[in-house]
Amino acid sequence: MLAPTPGTLARIAHLTGVDTAALQNATLAAYDGTSLDLRGLDPGHQSSFRSISARGWTPGHGTQICPQCLGDDGIWRTSWRLPTTTACRTHGTYLLATCPGCQRPFRDQRHSPLRVVGPQTLCGNPLGQGPRKQCRVDLTTLTAEPADDDCLQRQARQDAADVGGILATFAGGLDAPEFTATLRSLTALVLHLAAASRTPDNLPCWARDVADASTRSIRRWSIRPPQDPVLRSRALTAADRILAVEDIDTAAARFGQWLRHVPAVPEGRLGWLADHTRMTSTLTRLVMAAHAPRRRLSHLLDQQPPLTDSTRQIPQVLPARLV
């Protein structure tokens with residue numbers, strides 16, 4: 001379901017009469033080059049998947065769902081499998097990620113994409129009690145939580161990226177791969193900062209939950225995002241709120257509020273930040289701009305381009321030997 005081999009597509013096309021291009025678009029390979037980076041993946045060699053999963057945020061087994069969408073047409077959207085998809089804009093709700101009956105992700109079949117229950121809107125996950133024992137929860141009866149307006153707006157921007165659009169950011173228009181990579185990296189950084197905070201009262205409510213949970217386990221957010229769609233959505237929205245501003249100064253000011261939660265470590269702030277995410281060129285620019293007030297004025301000006309365009313730090317009176 002990630003990227004089937006040409007032979008698999010040809011056989012399914014022969015059995016069903018469906019065009020191979022349509023079958024390809026029914027898998028996550030349709031998002032290669034937009035929201036996913038599948039370079040180096042060889043469907044014929046399972047070991048090549050390691051290089052893809054090492055990049056982080058790679059969809060695995062299972063999917064998310066919108067119960068109302070399933071009730072309306074019974075179609076399982078491919079986009080629900082994307083980690084950056086967290087809300088249904090049609091119904092204004094967050095997606096669900098776990099079946100309340102079996103406590104597993106929906107469609108969590110690890111050995112076969114075919115379901116014994118067929119196209120029915122039942123869960124159908126195997127229960128480990130024999131080949132014919134499946135979870136019988138009717139997914140259309142589940143209730144999803146209403147989504148915040150900010151999360152729905154963020155989802156609209158991501159939907160535009162999923163189809164190859166250009167997204168407006170403080171760094172100008174970014175194509176879909178650069179935008180998605182930067183958004184995921186900044187989200188992972190925000191999550192790590194929330195987990196490392198010693199003053200969780202200064203964080204948003206959702207981030208306090210991350211800080212409380214950090215005492216029980218250590219997460220690698222750049223590899224695997226939160227499973228809870230609500231938490232993941234709010235973290236993504238917090239990161240997108242930084243990216244979506246018009247200028248670098250405003251973005252740096254917003255990100256600077258998170259930088260206050262970097263712990264005191266021997267390698268310093270920049271070292272800690274680089275160790276906890278995957279830096280893109282856009283994220284590097286943001287981090288350096290947010291860190292700039294802590295650096296000497298001579299360093300800020302001795303860059304191409306300069307890291308600041310403000311003259312407030314330049315003294316009004318200069319020593320004569322420097323003129």
Side-chain angles (χ1 to χ4, degrees), residues 35 57 59 63-72 77 79-100 105-106 139-163 165 167-170 174 176 179-180 182-195 197 199-214 219 221 224-246 250-251 253-258 260-261 277 286:
S35 295
W57 290 53
T63 184
Q64 306 171 104
I65 67 166
C66 170
Q68 290 178 269
C69 285
L70 280 179
D72 292 342
R77 274 68 170 171
S79 61
W80 290 344
R81 298 188 61 202
L82 297 172
T84 48
T85 301
T86 58
C88 174
R89 294 167 56 205
T90 302
H91 299 103
T93 59
Y94 292 110
L95 300 182
L96 301 180
T98 305
C99 174
F106 302 104
L139 303 181
T140 63
T141 63
L142 303 181
T143 302
E145 179 180 341
D148 300 336
D149 290 340
D150 290 345
C151 289
L152 292 175
Q153 293 175 13
R154 197 279 315 169
Q155 187 63 60
R157 282 168 53 83
Q158 185 62 52
D159 291 345
D162 291 343
V163 295
L167 280 300
T169 69
F170 67 83
L174 297 182
F179 170 78
T180 302
T182 301
L183 178 65
R184 295 187 307 189
S185 295
L186 182 54
T187 301
L189 204 52
V190 165
L191 287 165
H192 278 296
L193 288 168
S197 176
T199 56
D201 291 342
N202 297 328
L203 295 171
C205 293
W206 65 265
R208 297 174 200 170
D209 297 336
V210 178
D212 293 340
S214 65
R219 304 294 179 88
W221 298 120
R224 186 175 182 181
Q227 184 178 7
D228 179 15
V230 179
L231 174 60
R232 184 168 9 104
S233 182
R234 289 171 176 165
L236 283 163
T237 300
D240 188 59
R241 184 174 178 271
I242 298 172
L243 293 177
V245 298
E246 295 182 354
T250 304
R254 291 186 176 183
F255 186 56
Q257 299 175 2
W258 288 94
R260 295 180 297 177
H261 301 282
T277 193
L286 172 65

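H261 places a side-chain heavy atom less than 4.5 Å from the side chain of N202. Counting heavy atoms from C-beta outward, Q155 and S233 have side chains that stay 4.5 Å or more apart. At a threshold of 4.5 Å between non-hydrogen side-chain atoms, the residues T187 and W221 do not count as touching. With a 4.5 Å cut-off on side-chain heavy atoms, Y94 and L231 do not count as touching. In this structure, F179 and T169 have side chains that are in contact, with non-hydrogen atoms separated by less than 4.5 Å. Between T237 and D148, every side-chain heavy-atom pair lies at or beyond the 4.5 Å cut-off. In this structure, the side chains of L82 and W57 stay at 4.5 Å or more apart for every pair of heavy atoms.
Rounding to the nearest 0.5 angstrom, the gap separating the CG atom in L70 from the CD1 atom in I65 is 5.5 Å. Between atom CG of residue L95 and atom SG of residue C69 there is a gap of 8.5 Å, rounded to the nearest 0.5 Å. Atom CG of L243 sits about 7.0 Å away from atom CG of L286, to the nearest 0.5 Å. Here the straight-line distance linking atom CG of L96 with atom CZ of F106 works out to 5.0 Å at 0.5 Å rounding. Here the straight-line distance linking atom CZ of R241 with atom CG of L186 works out to 12.5 Å at 0.5 Å rounding. The distance from the CZ atom of R157 to the CG atom of L183 is 8.5 Å, given to the nearest 0.5 Å.
Within a 6.0 Å radius of CD in E246, other residues, nucleotides and ligands contribute 12 heavy atoms or fewer.
A donor-acceptor contact shorter than 3.5 Å links the side chain of T277 to the backbone of S185. With R234 contributing its side chain and C151 its backbone, the two residues share no donor-acceptor pair below 3.5 Å.
The shortest non-hydrogen separation linking A176 to A161 is CB-O, 3.1 Å. In terms of heavy-atom proximity, F170 sits nearest to I242 at CD2-O, 3.9 Å. Minimum interatomic distance between L191 and A235 (heavy atoms only, all atoms of both residues): CD2-CB, 3.8 Å. Looking at every heavy atom in both residues, A87 comes nearest to L152 through CB-CD2, 4.0 Å. For the pair A207 and W258, the tightest heavy-atom approach, listed with the atom from each and the gap, is CB-CH2, 4.1 Å. When every heavy atom of Q68 is checked against every heavy atom of T93, the shortest pair comes out as OE1-CG2, 4.0 Å.
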Exercise for the section: Could you check Q153 against D149 for side chain to side chain donor-acceptor pair (under 3.5 Å), going step by step and ending with a plain yes or no? Expected result: CA-CA 6 Å; Q153 293 175 13; D149 290 340; 6.0 Å; no
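Remark: R224 pairs with no residue by the salt bridge (Lys or Arg N to Asp or Glu O under 4.0 Å) rule, at least two apart or across chains. Every residue was checked against the salt bridge (Lys or Arg N to Asp or Glu O under 4.0 Å) condition with D72, not counting sequence neighbours, and none meets it.
Among T86, D159, T84, the single residue meeting the side-chain hydrogen bond (donor to acceptor under 3.5 Å, both in side chains) criterion with R154 is T86. When each of Q227, R77, R232 is checked for a side-chain hydrogen bond (donor to acceptor under 3.5 Å, both in side chains) with Q64, only R232 meets the rule.
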